[in-house]
Peer 1: 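Please find one structure pasted underneath; my questions will follow.
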Protein chains: 2
Amino acid sequence: MVTQSKAPAKRADAQRSIAAILDAATESLSRNPDASVSEIAKAAGVGRVTLYGHFPSRADLVDAAFAHAIEDGHDALEAVDLSGDPRLALARLVESSWQLVDRFRSLLLAAQSVLPPGRIRSLHEEPMQRVQHLIERGQAEGVFRSDLPTSWLVGTMHSVMHNAADEINAGRLATDQAADCITATVLAAFTPPGHRIPALSDL
Amino acid sequence: MVTQSKAPAKRADAQRSIAAILDAATESLSRNPDASVSEIAKAAGVGRVTLYGHFPSRADLVDAAFAHAIEDGHDALEAVDLSGDPRLALARLVESSWQLVDRFRSLLLAAQSVLPPGRIRSLHEEPMQRVQHLIERGQAEGVFRSDLPTSWLVGTMHSVMHNAADEINAGRLATDQAADCITATVLAAFTPPGHRIPALSDL
DNA sequence: ACTAACTCGAACACTTATGTTCAACTTAAT
DNA sequence: ATTAAGTTGAACATAAGTGTTCGAGTTAGT
């Protein structure tokens with residue numbers, strides 16, 4: 001997938017431009033989902049026309065930036081070891097996922113308002129399935145609650161991380177405390193009724 | 001606060017218009033945070049010029065609609081009995097809050113992108129404090145966890161409700177199941193480490 | 001050194017929104 | 001019945017964004 005089969009191979013400066021644009025788009029859209037094409041071009045140190053030369057429309061650009069971010073995230077998440085106690089695996093996964101969610105949450109907003117509905121979900125699907133599998137394993141082993149839908153638990157993990165981003169943004173939470181808060185909350189939320197809440201320490 | 005001291009008292013038809021505009025704005029913005037003034041005016045069965053006659057700018061209109069919604073919500077929330085077991089009180093509060101969050105979540109988005117930063121928080125402060133007081137009482141009585149900041153727990157309750165809205169929107173959750181999922185999740189998230197997760201039934 | 005690919009700014013056409021003005025019409029209040 | 005308040009659509013001015021075209025300059029590849 002590294003080299004497309006058709007296209008006559010871009011020139012070196014074009015590749016540099018594209019990379020710069022993609023980076024700038026990711027950065028700009030992460031700060032402001034409504035960032036204009038002009039802003040992004042300027043941030044990339046590139047002319048607006050050049051940008052349109054590589055990305056036919058703003059939507060194409062957002063799509064590319066979002067896909068690029070997902071790919072980055074995918075690599076990071078794949079490195080996480082999901083074996084062993086599902087609760088410990090979850091803690092590890094949260095730790096890694098959190099940084100990604102925090103970085104790209106605003107980019108997601110941009111994507112949501114521009115990309116066709118199915119597109120985002122299909123890009124998310126692969127990493128999401130790893131989460132879902134882990135949760136299902138935990139449910140099967142009886143350490144995660146089964147009285148709520150798996151999809152609900154997936155969403156809960158997601159939204160708790162988003163909450164952390166909001167709290168940090170509002171100055172009510174320190175960045176280095178976020179991971180602990182998230183882990184503690186998600187672990188508690190996943191614990192079956194009647195069971196004891198595990199402390200982070202005794203796992 | 002019902003009648004402003006100065007203003008020469010609006011005429012009956014003007015009051016009707018304002019009410020219709022406010023309702024239409026709430027409804028339109030709840031469906032689409034970017035709804036245009038024209039859309040809202042049309043939905044209110046009123047001329048665009050008339051609308052501008054009452055609300056100098058789009059921002060003023062959004063502000064008014066949002067404040068109106070908060071006031072509605074405030075009344076509903078104030079009717080909730082917060083005495084007795086904090087966990088039961090929380091369940092009652094969640095039940096009532098959930099409907100409001102569901103109704104107005106998109107309106108909040110509109111407000112966030114238009115209103116000055118402090119404005120939203122100041123409008124939210126009063127109802128939020130009731131939640132915070134309840135949580136603090138639960139923490140003091142030892143039935144809610146104290147190892148996480150109170151503000152974090154408040155935010156968690158909020159974000160879990162938002163998650164429910166998303167899940168419904170995505171078709172992964174039925175509307176009538178939402179309240180139970182939220183209650184179960186929030187109750188679990190608030191339970192202190194080492195304690196057992198309470199089932200909804202045995203409270 | 002030659003050429004095709006690439007870059008750039010300026011200018012243009014197009015769209016969509018906000019907010020204002022005007023002049024005629026309708027309605028509520030006393 | 002009079003009058004002031006309210007309503008209305010059409011037209012206008014502004015502003016900001018998107019996408020395209022053009023012509024001239026630069027740069028990478030062979």
Side-chain angles (χ1 to χ4, degrees), chain A residues 3-4 6-25 28-29 31-66 106-107 109-116, chain B residues 3-4 6-25 28-29 31-66 106-107 109-116:
Chain A
T3 48
Q4 302 308 68
K6 213 45 180 273
K10 303 267 178 186
R11 232 173 58 181
D13 52 353
Q15 288 179 23
R16 245 181 296 136
S17 288
I18 291 177
I21 291 170
L22 233 38
D23 283 354
S28 296
L29 292 171
R31 270 183 304 131
N32 171 22
D34 295 324
S36 71
V37 173
S38 307
E39 270 177 67
I40 297 172
K42 191 175 296 181
V46 120
R48 201 167 64 96
V49 185
T50 301
L51 194 158
Y52 274 109
H54 294 299
F55 302 93
S57 78
R58 191 181 183 281
D60 288 283
L61 175 57
V62 173
D63 186 295
F66 188 70
S106 182
L107 179 57
L109 265 190
Q112 278 171 338
S113 66
V114 168
L115 268 43
Chain B
T3 48
Q4 301 310 66
K6 213 46 181 274
K10 303 265 176 187
R11 236 173 56 180
D13 51 355
Q15 289 178 23
R16 244 181 295 135
S17 288
I18 292 177
I21 291 170
L22 233 38
D23 284 352
S28 297
L29 291 171
R31 269 183 304 129
N32 170 22
D34 295 325
S36 72
V37 174
S38 307
E39 269 178 67
I40 297 172
K42 191 175 295 181
V46 120
R48 200 167 63 97
V49 185
T50 302
L51 194 158
Y52 274 109
H54 294 300
F55 302 93
S57 78
R58 189 180 184 280
D60 288 282
L61 175 58
V62 173
D63 186 295
F66 188 69
S106 182
L107 179 58
L109 264 191
Q112 278 172 338
S113 67
V114 168
L115 268 43

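Here is how names work: the chains are called A, B, and so on, in the same order as the sequence lines, proteins then strands, and each is numbered from 1. The figures that follow rest on heavy atoms only: side chains count, while hydrogens, waters and symmetry mates do not.
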Peer 1: Rounded to the nearest Å, what distance is computed from the CZ atom of residue Arg11(A) to the P atom of nucleotide dT3(C)?
Peer 2: 15 Å
Peer 1: Taking OP1 and OP2 of dC6(C), is either one under 4.0 Å from a side-chain nitrogen or oxygen of His54(A)?
Peer 2: no
Peer 1: When rounded to the nearest 0.5 angstrom, what is the spacing between CG in Leu107(B) and OG in Ser28(B)?
Peer 2: 10.5 Å
Peer 1: Quickly work out the Ile40(A) CD1 to dG19(D) P distance and round it to whole Å.
Peer 2: 11 Å
Peer 1: Less than 4.5 Å apart, side chain to side chain, heavy atoms only: is that true for Asp63(B) and Phe55(B)?
Peer 2: no
Peer 1: Do the side-chain N or O atoms of Ser17(B) get closer than 4.0 angstrom to the phosphate oxygens (OP1, OP2) of dT7(D)?
Peer 2: yes
Peer 1: What's the OH-C1' distance between Tyr52(B) and dC12(D), to the nearest Å?
Peer 2: 14 Å
Peer 1: Distance from Arg31(B) atom CZ to Leu29(B) atom CG, nearest 0.5 Å?
Peer 2: 9.5 Å
Peer 1: Quick check: any donor-acceptor pair below 3.5 Å linking the side-chain of Arg58(A) to the base of dG19(D)?
Peer 2: no
Peer 1: Using atom CD1 of Ile21(A) as one end and atom C1' of dC6(C) as the other, report the distance to the nearest whole Å.
Peer 2: 12 Å
Peer 1: Which residue, Pro56(B) or Arg16(B), contacts DNA chain C at a nucleotide closer to its 5' end, judged by nearest heavy atom?
Peer 2: Pro56(B)
Peer 1: Kindly point out which of dT7(C), dA4(D), dA4(C) is positioned nearest to the side chain of Thr50(A)?
Peer 2: dT7(C)
Peer 1: Find out whether Arg16(B) and Asp13(B) are in side-chain contact, i.e. whether some heavy atom of one side chain is under 4.5 Å from a heavy atom of the other.
Peer 2: yes
Peer 1: Between Asn32(B) (CG) and dT16(C) (C1'), how many Å, whole number?
Peer 2: 14 Å
Peer 1: Among dA28(C), dA28(D), dG17(D), which is the nearest nucleotide to the side chain of Ser36(A)?
Peer 2: dG17(D)
Peer 1: Starting from P on dG9(C), measure out to CG on Leu51(A) and report it in whole angstrom.
Peer 2: 13 Å
Peer 1: Nearest whole angstrom, please: distance from the P of dT20(C) to the CZ of Phe55(B).
Peer 2: 15 Å
Peer 1: Which nucleotide, dG19(C), dA28(D), dT7(C), lies nearest any side-chain atom of Ala12(A)?
Peer 2: dA28(D)
Peer 1: Confirm from the modelled atom types if Arg48(A) and dG9(C) form a donor-acceptor pair under 3.5 Å, side chain to base only.
Peer 2: no
Peer 1: Of all the nucleotides listed (dC8(C), dT18(C), dG29(D)), which has the minimum atom distance to the side chain of Val49(A)?
Peer 2: dC8(C)
Peer 1: Rounding to a whole Å, what distance do you find between Glu39(A):CD and dT18(D):P?
Peer 2: 9 Å
Peer 1: So how far is it from Asp60(B) CG to Leu115(B) CG, rounded to the nearest 0.5 Å?
Peer 2: 9.0 Å
